[in-house]
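Here's the structure, in structure tokens; my notes come after.
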Amino acid sequence: MKKLCFDLETTGLDVHTCRILGIAFCCMPLKAFYVSFSEDEQKTKKYLERLRPIFEDDSITKIGHNLKFDMNVLRSYGIKVKGPLIDTMVMDYLIHPDDKKHGLKKLSLQHLNYQQLTFNDVAMNSNRNEKTLEGVHSKIVTNYACEDADQTFQLYNHFNPLIGKYKLDTVYKLDCQLVSVLADMEYNGVLIDKKELKKIEKDVELKIGDAKLRIEQFTKGTVLISSPPQISMFLFEELALTPMGERGENGHYSVSQNVLHKLVGEHQIIGALLDYRGSSKVKTTFIKALKNINPKTGRLHTSYNQTVAATGRLSSSKPNLQNIPSQTIGKQLRACFKTPKGYSLIGADYSNIELRVTAHLSQDKKMLNAYRTDVDLHTLTTSKIFNIPYEEVTKEKRGVGKTVNFGLLYGMSAFGLSEKLSREGTGYTIEECTQFINDFFELYEGVKKFSDDLIYRATTKGYAETMIGRRRPLPELQSNDTSEREAGKRKALNTPIQGTAADILKIAMVSIYNRLKKEGLKSKMLLQVHDELLFEVPDGEKNIMKKLIRLEMVNAVHLSIPLEVDLKIGKSWKEAH
DNA sequence: TATACCGCGTT
DNA sequence: GACGTACGCGGTATAG
């Protein structure tokens with residue numbers, strides 16, 4: 001199999017608008033060369049045309065560091081990179097999932113003991129006082145660019161045997177296949193209804209103004225509302241309210257939502273503060289996020305980071321579309337995610353995927369049985385902890401059971417459970433919560449064994465792992481510090497569950513992507529939110545897509561129990577969620 | 001200007 | 001004494 005290692009030098013802010021300055025290639029025996037492009041875009045395009053056959057050759061494996069970026073830049077020039085992909089950033093992530101940085105230059109120093117030239121070493125100040133490679137002598141740029149390609153290729157050679165040694169082959173193949181899928185999703189972007197968004201913004205601004213007036217009745221403008229320390233001093237010194245929380249690092253009592261909730265009724269300002277916080281969060285975080293529409297495409301493009309979440313999950317940034325609210329105001333925000341004429345959105349959610357994974361991995365009889373016979377697990381847990389018949393579980397009580405179910409997957413304590421429940425509006429003492437936890441493990445004996453076993457295995461092996469072999473080293477399990485060790489135990493429990501669920505999503509994404517390509521369908525995958533996928537489909541493909549999506553998601557892996565998928569279709573994310 | 005901390009949205 | 005996983009990102013405060 002032919003392999004090609006390459007790296008782009010670019011300038012500009014995003015893949016849709018940036019320009020390619022040149023491309024460095026590296027081949028065996030270690031030899032790198034650089035193709036410098038012209039300032040003239042027409043010439044650049046002419047050069048790229050000559051390279052197109054290489055990039056689009058299915059039989060050539062492409063090696064790169066953060067290939068997704070380079071692929072999307074090439075895509076904006078009309079070149080679709082094909083063939084198997086190998087990403088050295090992904091390789092380092094698989095071996096060191098907890099590392100915060102996987103940059104090429106850092107890895108080069110760390111693994112190859114080579115100090116690369118930095119961008120600042122070679123870049124020059126432009127007239128706009130920005131550092132750029134434009135105008136730098138071609139010999140210098142060549143040197144710099146070729147180092148990147150060369151080091152990438154050497155890193156590939158360095159990591160390759162380690163992937164086999166740590167038995168990461170399966171997950172490595174999966175994550176590399178996912179690179180193209182994510183590149184496409186980022187490139188596609190999602191359509192936002194600007195008018196709808198503006199309406200919400202106006203509405204929220206009114207609410208902020210109202211809350212601000214109510215607050216300033218008391219503060220008389222002496223306090224910066226968005227400053228926790230100032231609010232803390234005002235509440236606990238000026239008004240002499242009783243601090244409910246702990247002092248933070250900066251010596252001030254906490255004024256978090258949690259604390260404020262407990263003070264509602266003590267003073268009118270509390271409710272106003274909560275209103276202000278809620279509305280200003282919506283305006284400054286979410287509405288602002290949705291305004292980041294790319295002028296060139298008219299759509300909103302997020303970035304998916306494949307190498308930050310140590311469990312194997314993806315993360316989304318610039319903007320983060322994985323934390324758009326889902327309740328109340330979230331419904332309005334999600335109504336702004338629209339389709340072009342003639343298209344619909346399909347949302348597909350795995351139902352209870354983490355609990356199903358837990359049932360499978362633990363082989364707990366009661367859990368398996370529940371999922372095989374369509375018993376609702378949250379209701380089952382609820383009936384046990386309140387000692388009431390399954391049929392008599394109310395919606396409110398079921399919410400408690402649900403929290404207990406999730407809490408236990410994270411290794412939550414009775415204290416934590418009590419806090420969480422009170423945040424959700426139902427108060428239970430720590431004693432009651434201790435009872436809930438005991439009841440839970442009495443009901444699901446297999447989960448107790450499973451949990452102990454996971455911690456034991458992670459401690460002896462030194463790492464936690466998912467069903468398909470994704471690893472997370474947990475050296476903290478050997479720590480002398482109790483709280484570090486306890487945190488390690490929670491990770492040892494949670495990582496296989498959250499990570500396996502993440503693997504399943506990724507497998508489904510790759511299968512769906514491959515089928516879309518193979519069958520020449522026009523539908524596009526747009527978003528992933530941990531257990532949910534969102535697609536934009538031409539109306540003519542609605543029916544075939546509904547079947548295809550469900551089939552590939554349900555069959556992503558074979559567990560002891562079926563995977564279930566909720567599908568919804570509509571003209572906005574609100575309707576498709 | 002860069003970094004730390006608090007706070008808060010999702011799963 | 002602490003007490004829930006995994007994140008991104010807004011604001012203020014503080015260090016340089």
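Convention: sequence-line order gives letters A, B, ...; per-chain numbering from 1.
Here C:dC7 presents its P atom at 10 Å from CG of A:Asn305, a figure rounded to the nearest Å. Straight-line distance from the CZ atom of A:Phe406 to the P atom of C:dA6: 17 Å, rounded to whole Å. Between A:Gln306 atom CD and C:dA6 atom P the separation is 19 Å, expressed in whole Å. A:Leu421 places its CG atom 13 Å from the C1' atom of C:dG4, with the value rounded to the nearest Å. Rounding to whole angstrom units, CZ of residue A:Arg470 and P of C:dA6 are separated by 14 Å. Atoms CG (A:Asp98) and P (C:dT5) sit 13 Å apart, rounded to a whole Å. With rounding to whole Å, A:Ile225 atom CD1 is found 14 Å from C:dT12 atom C1'. Taking atom CG of residue A:Leu321 and atom P of nucleotide C:dC7, one finds them 18 Å apart after rounding to whole Å.
Between A:Phe337 and A:His577, the ring centre distance reaches or exceeds 6.0 Å. Between A:Tyr371 and A:His360, the gap from one ring centroid to the other reaches at least 6.0 Å.
Between the C1' atoms of C:dG1 and B:dG7, the separation comes to 23 Å (whole Å). B:dT3 and C:dT5 are spaced 26 Å apart, taking the C1' atom of each and rounding to whole Å. A gap of 16 Å separates the P atoms of B:dC5 and C:dC3, to the nearest Å.
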Protein and nucleotides 14-16 of chain C: nitrogen or oxygen contacts under 3.5 angstrom:
none

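Listed for the A:Asn72 side chain is a donor-acceptor partner under 3.5 Å among the backbone atoms of A:Ala183.
Partner A:Gln498 forms a side chain to side chain donor-acceptor pair (under 3.5 Å) with one of A:Asp503, A:Thr466, A:Thr311 and no other, that one being A:Thr311. Applying salt bridge (charged side-chain N to carboxylate O under 4.0 Å, His left out) to A:Asp275 and the options A:Lys212, A:Lys207, A:Arg214, A:Lys281 leaves one that passes, A:Arg214.
Remark: A:Lys420 engages A:Thr403, A:Met412, A:Arg423, A:Glu424 in a side-chain contact (heavy atoms from CB on, under 4.5 Å) (not counting sequence neighbours). Remark: A:Asn66 engages A:Lys68, A:Phe69, A:Met89 in a side-chain contact (heavy atoms from CB on, under 4.5 Å) (not counting sequence neighbours).
No contact: A:Ala289 has no heavy atom under 4.0 Å from any strand. No engagement by A:Gly407 is indicated, since no non-hydrogen atom pair under 4.0 Å with the nucleic acid exists.
Atoms CD and CG, on A:Gln528 and A:Leu534 in that order, are 11.5 Å from each other to the nearest 0.5 Å.
Of the residues in residues 471-496 of chain A, none lies under 4.0 Å from DNA chain B by heavy-atom distance.
Listed nucleotides C:dG10, C:dC7, C:dC3 differ in distance to A:Ser413; the shortest reach to its side chain belongs to C:dC3.
For the residue pair A:Ser479 and A:Arg485, no side-chain donor N or O sits within less than 3.5 Å of a side-chain acceptor on the partner. Side chain to side chain, A:His301 and A:Thr297 meet the donor-acceptor criterion of an N or O pair below 3.5 Å.
Contact between the side-chain N/O atoms of A:Ser315 and the OP1/OP2 oxygens of C:dG8 is found at a separation under 4.0 Å.
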Anything under 3.5 Å between a donor and an acceptor, one on a side chain of residues 256-268 of chain A, the other on a protein residue two or more places apart or in another chain? List them.
from     : atom 1 : to       : atom 2 : distance (Å)
A:Ser256 : OG     : A:Ser254 : OG     : 3.3
A:Asn258 : ND2    : A:Glu419 : OE1    : 3.3
A:His267 : ND1    : A:Ile269 : N      : 3.0

Protein heavy-atom contacts under 4.0 Å, written 5' to 3' over nucleotides 4-11 of chain B as B (base), S (sugar-phosphate only) or - (none), form the string -SSBBBSB
Between A:Arg398 and A:Thr382, is the side chain to side chain donor-acceptor pair (under 3.5 Å) condition met? List the steps. CA-CA 6 Å; A:Arg398 180 180 177 275; A:Thr382 311; over 6 Å; no
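Both A:Leu224 and A:Pro97 sit near DNA chain C, but only A:Pro97 has its closest nucleotide nearer the 5' end.
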